[in-house]
Amino acid sequence: MTTPPFTVRDDWKWFTDSRYGLFIHWGPYAQYGRGEQILFREHLDQQEYAEQAIAWNPRHFNPGLWAETAGKAGFKYACFTTRHHDGYCMWDSAYTDYSSARQAPQRDFVREYVEAFRKAGLKIGLYYSWIDWRLPAYFDGPARDPEGWEKVRTYLHNQVKELLTNYGQIDHFFFDGVWPRNADDLQSVELLEEMRRLQPGILINNRLGYSSTHDGYRADGGIGAGNSDTLGDFGTPEHLIVADRKRLWESCQVTTWRLWSHVIGERWRPADYLLDMLCECAEKGGAHGGNLLLNVGPTADGQLPPEFVERALEIGRWLEVHGEAIYGSDGGSLTEFITRGRQTTRENFLYLIIRFWDGRPVMRMADLTSKVKSAALLTTGQSLDFEQNGDELIIKGLPAEAPTRLFPVIRVECEGKPETNSWGRERLWEGDPARVAEWARGQRGTSVFADGKER
Ligand code: GLC
């Protein structure tokens, strides 16, 4: 774990406490069932797409039910696509009539989402795409079409301000789709200031485009994926779990294979795989985040797919029992526990999150230097005997049968904050190799023979 180079503001603590958010990709593209990028990926006819979008009328959208399911599943916040790259708006925007409020549904979906999720006690996130595939000036940019660009930029700024004005407290804002613009074109620094004025507590992600003043020169002209290194309060590794050392971070991940909105017939990742991603985020995180924003793509008629609900609720039941190892935990990966699962810590507790159960009554853990006070199988509440010899901990009396279908957790209480030795700090392929030489030499000498004797 590294020391965060910044302080987490008190009003941002909900983010590190939450660890687990629900990403919702939903819009008229769901009708095709081939992902949110269908318009571009299959370069559909723009006019036909728009006709189908304005006719879209999802009759089964019941945000109260979505929020209830999200709460039971253990999510602490959500982030909803207010407008994806296709430009269709899911709220009543004063700046366009291409919206759910002014077309077939005649409903402000953003308002309904915000109200239902807030009522269920979740923090509120909004996703907003800079890019709009319908607008040529977005792609021509300020150099080729200064006037057109200025209209687009103003439209984007106005919509973001509208979203932050009309829906009460917004906690989380997820920009996306910067390419081919940069922060200077988008004037995202200026917009950030206005956003913070409207919503002083808001957390804003880093997809703001590279900025010549803030991020410096970029070989790609500042386009690339447009994820600023310096702007924004949290990093957004996508399909990846890597700690952002400069700020808070949240890994966004799909529950299917690749796409974010509903894909008909797509395969689903199993619950243990999804839970492992959450544990990995918590393990790699700590005081500066390490959240999982797990995605769902509701169906065109407005329902959460049963495959998703089943998996999410299974994880929710696991979190009811084992939540203390995840929510607000202090990061982990203390020792070389990778062979068994993941580790998180909280104050004086070390949580061993065990991916598979080998049925042996005894578990050996190397490299914990802190004195252990007690051990328990959190899954059943059973307290466990243990023995400590130097840095070696032997946990005893484990049941032969796995105590849960998902990951059993052992809680180890130490006398102080759990600490490790150099083996825990420097893993395989890391650190000074001299320690390996010393270990081998000290115990076996230098011989290649089985008995360790020189011939
Ligand atoms: C991307 C994709 C998009 C998705 C997003 C989620 O950049 O363009 O479809 O919404 O990532 O992080």
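These numbers come from a predicted model, not from an experiment. For this chain, numbers begin at 1 and follow the sequence in order.
- Residues Thr230 and Ser211 have side chains not in contact (no heavy-atom distance under 4.5 Å, counting atoms from C-beta outward).
- With no hydrogens or angles considered, no side-chain donor-acceptor pair links Asn295 and Thr255 at under 3.5 Å.
- By the side-chain contact (heavy atoms from CB on, under 4.5 Å) test, Glu314 pairs with Ala271, Arg317, Arg405, Leu406, sequence neighbours left out.
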Would Arg207 and Phe174 count as a side-chain contact (heavy atoms from CB on, under 4.5 Å) here? Give the steps. CA-CA 8 Å; Arg207 301 188 182 180; Phe174 196 111; 3.6 Å; yes
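- Applying the salt bridge (charged side-chain N to carboxylate O under 4.0 Å, His left out) criterion to Asp11, with sequence neighbours excluded, gives Arg9.
- Residues that satisfy the side-chain contact (heavy atoms from CB on, under 4.5 Å) test with Arg134, not counting sequence neighbours, are Gln46, Tyr98, Asp132, Tyr155.
- At a threshold of 4.0 Å, the pair Asp10-Lys13 does not count as salt-bridged, since none of the basic side-chain nitrogens sits closer than that to a carboxylate oxygen.
- One N or O on the side chain of Asp108 and one on the backbone of Asp92 form a donor-acceptor pair closer than 3.5 Å.
- Scored by the side-chain contact (heavy atoms from CB on, under 4.5 Å) test, Ser329 finds Arg19, Ala282, Thr344 as partners (sequence neighbours excluded).
- A donor-acceptor pair is defined here as one N or O able to donate and one able to accept, closer than 3.5 Å; no such pair exists between the side chain of Glu42 and the backbone of Gln37.
- Under the 6.0 Å cut-off for aromatic ring centres, Trp149 and Tyr138 qualify, their centroids lying closer than that.
- When side chains are defined from C-beta on, Leu22 does not count as touching Leu294, because their heavy atoms never get closer than 4.5 Å.
- Gln343 places a side-chain N or O within donor-acceptor distance of the main-chain N or O of Thr335, the cut-off being under 3.5 Å.
- One finds the CG atom of Leu350 at 11.5 Å from the CG atom of Asp330 (value rounded to the nearest 0.5 Å).
- For Glu194 and Arg197, the salt-bridge test passes: some basic side-chain N is under 4.0 Å from an acidic carboxylate O.
- Interatomic distance, CZ of Arg342 versus CZ of Arg355, reported as 6.5 Å (0.5 Å rounding).
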Decide side-chain contact (heavy atoms from CB on, under 4.5 Å) for Lys417 and Glu347; before the verdict, give the C-alpha distance in whole Å, the side-chain angles of both, and the deciding distance to 0.1 Å. CA-CA 6 Å; Lys417 236 183 133 25; Glu347 292 152 9; over 6 Å; no
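- Taking the side-chain contact (heavy atoms from CB on, under 4.5 Å) definition, one finds that Pro58 meets it with Trp26, Trp56, Pro105, Phe109, sequence neighbours left out.
- In this structure, the ring pair (Phe, Tyr, Trp, His ring centres under 6.0 Å) partners of Phe234, at least two apart in sequence or on a different chain, are Phe15, His172.
- Using a 4.5 Å cut-off on side-chain heavy atoms (C-beta onward), Val178 and Leu208 make no contact.
- Listed by first and then second residue, the salt bridge (Lys or Arg N to Asp or Glu O under 4.0 Å) pairs that reach into residues 44-69 are Glu68-Lys72, sequence neighbours excluded.
- Applying the ring pair (Phe, Tyr, Trp, His ring centres under 6.0 Å) test to Tyr351 and every residue at least two apart in sequence or in another chain returns nothing.
- With contacts defined as side-chain heavy-atom distances shorter than 4.5 Å, the pair Leu352/Arg340 does not qualify.
- Checked by atom type, the side-chain pair His214/Ser228 shows no donor-acceptor distance below 3.5 Å.
- Under the rule for a ring pair (Phe, Tyr, Trp, His ring centres under 6.0 Å), the partners of Trp130 that lie at least two apart in sequence or sit in another chain are Phe175.
- Heavy-atom minimum distance, Pro305 versus Pro298: CD-CA, 4.0 Å.
- For Phe80 and Phe23, the gap between ring centers reaches or exceeds 6.0 Å.
- Within a 6.0 Å sphere centred on CD of Glu430, other residues, nucleotides and ligands contribute more than 12 heavy atoms.
- A donor-acceptor pair is defined here as one N or O able to donate and one able to accept, closer than 3.5 Å; no such pair exists between the side chain of Gln187 and the backbone of Asp184.
- One N or O on the side chain of Arg107 and one on the backbone of Phe61 form a donor-acceptor pair closer than 3.5 Å.
- Salt bridge annotation for Lys284-Glu280: present, with a cationic side-chain nitrogen under 4.0 angstrom from a carboxylate oxygen.
- Shown here are the ring pair (Phe, Tyr, Trp, His ring centres under 6.0 Å) partners of Tyr49, two or more places apart in sequence or in another chain: Tyr32.
- No donor-acceptor distance shorter than 3.5 angstrom exists from the side chain of Thr236 to the backbone of Asn205, with no hydrogens or angles considered.
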Considering only distance and modelled atom types, tabulate donor-acceptor pairs under 3.5 Å from the side chains of residues 259-269, sequence neighbours left out.
| residue | atom | partner | partner atom | Å |
| --- | --- | --- | --- | --- |
| Ser261 | OG | Glu36 | N | 2.8 |
| Arg269 | NE | Thr256 | O | 3.0 |
| Arg269 | NH1 | Val254 | O | 3.1 |

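- Between Trp179 and Phe139, the two ring planes are tilted [angle within 30° to 60°].
- Proximity of a side-chain donor or acceptor of Thr81 to a complementary backbone N or O of Arg83 within less than 3.5 Å is not detected.
- Using a 4.5 Å heavy-atom cutoff, the side chains of Ile326 and Ile353 are in contact.
- Crowding of Arg144 atom CZ: a count of heavy atoms from other residues, nucleotides or ligands under 6.0 Å not exceeding 12.
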Run Glu324 and Arg346 through salt bridge (charged side-chain N to carboxylate O under 4.0 Å, His left out) and show every step you take. CA-CA 8 Å; Glu324 62 175 87; Arg346 168 200 297 277; 5.3 Å; no
Where do Leu126 and Val110 land on the side-chain contact (heavy atoms from CB on, under 4.5 Å) test, with the steps shown first? CA-CA 9 Å; Leu126 301 180; Val110 170; 4.2 Å; yes
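- Looking at Ser18 and Tyr327, their side chains never come closer than 4.5 Å, going by heavy atoms from C-beta outward.
- Distance CG/Leu304 to CD1/Ile24: 7.5 Å, rounded to 0.5 Å.
- Salt bridge Glu150/Arg153: present, at least one basic N to carboxylate O contact under 4.0 Å.
- For the atom pair OG1 (Thr96) and CD (Gln159), the distance works out to 7.0 Å, reported to the nearest 0.5 Å.
- Between Leu378 and Ile410, the closest side-chain pair of non-hydrogen atoms is not below 4.5 Å.
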Start with the C-alpha gap between Arg196 and Asp233, add the side-chain angles, then the distance that decides, and say whether salt bridge (charged side-chain N to carboxylate O under 4.0 Å, His left out) holds. CA-CA 11 Å; Arg196 295 196 197 285; Asp233 308 315; 3.0 Å; yes
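- Close placement of the Tyr77 and Trp14 rings is indicated, their centers lying within 6.0 Å of each other.
- In this structure, the side chain of Glu112 does not engage the main chain of Pro63 through any donor-acceptor pair within 3.5 Å.
- More than 12 heavy atoms of other shown residues, nucleotides or ligands fall within 6.0 angstrom of atom NE2 in His239.
- Side-chain contact between Leu313 and Val309 is present, with heavy atoms from C-beta onward closer than 4.5 Å.
- Of all the heavy atoms in Ala183 and Leu231, the pair that sits closest is CB-CD1, 4.2 Å.
- For Tyr127, the side chain to side chain donor-acceptor pair (under 3.5 Å) test picks out His84, Asp176, with sequence neighbours left out.
- For Arg118 (side chain) and Gln169 (main-chain N/O), a donor-acceptor pair under 3.5 Å exists by modelled atom type.
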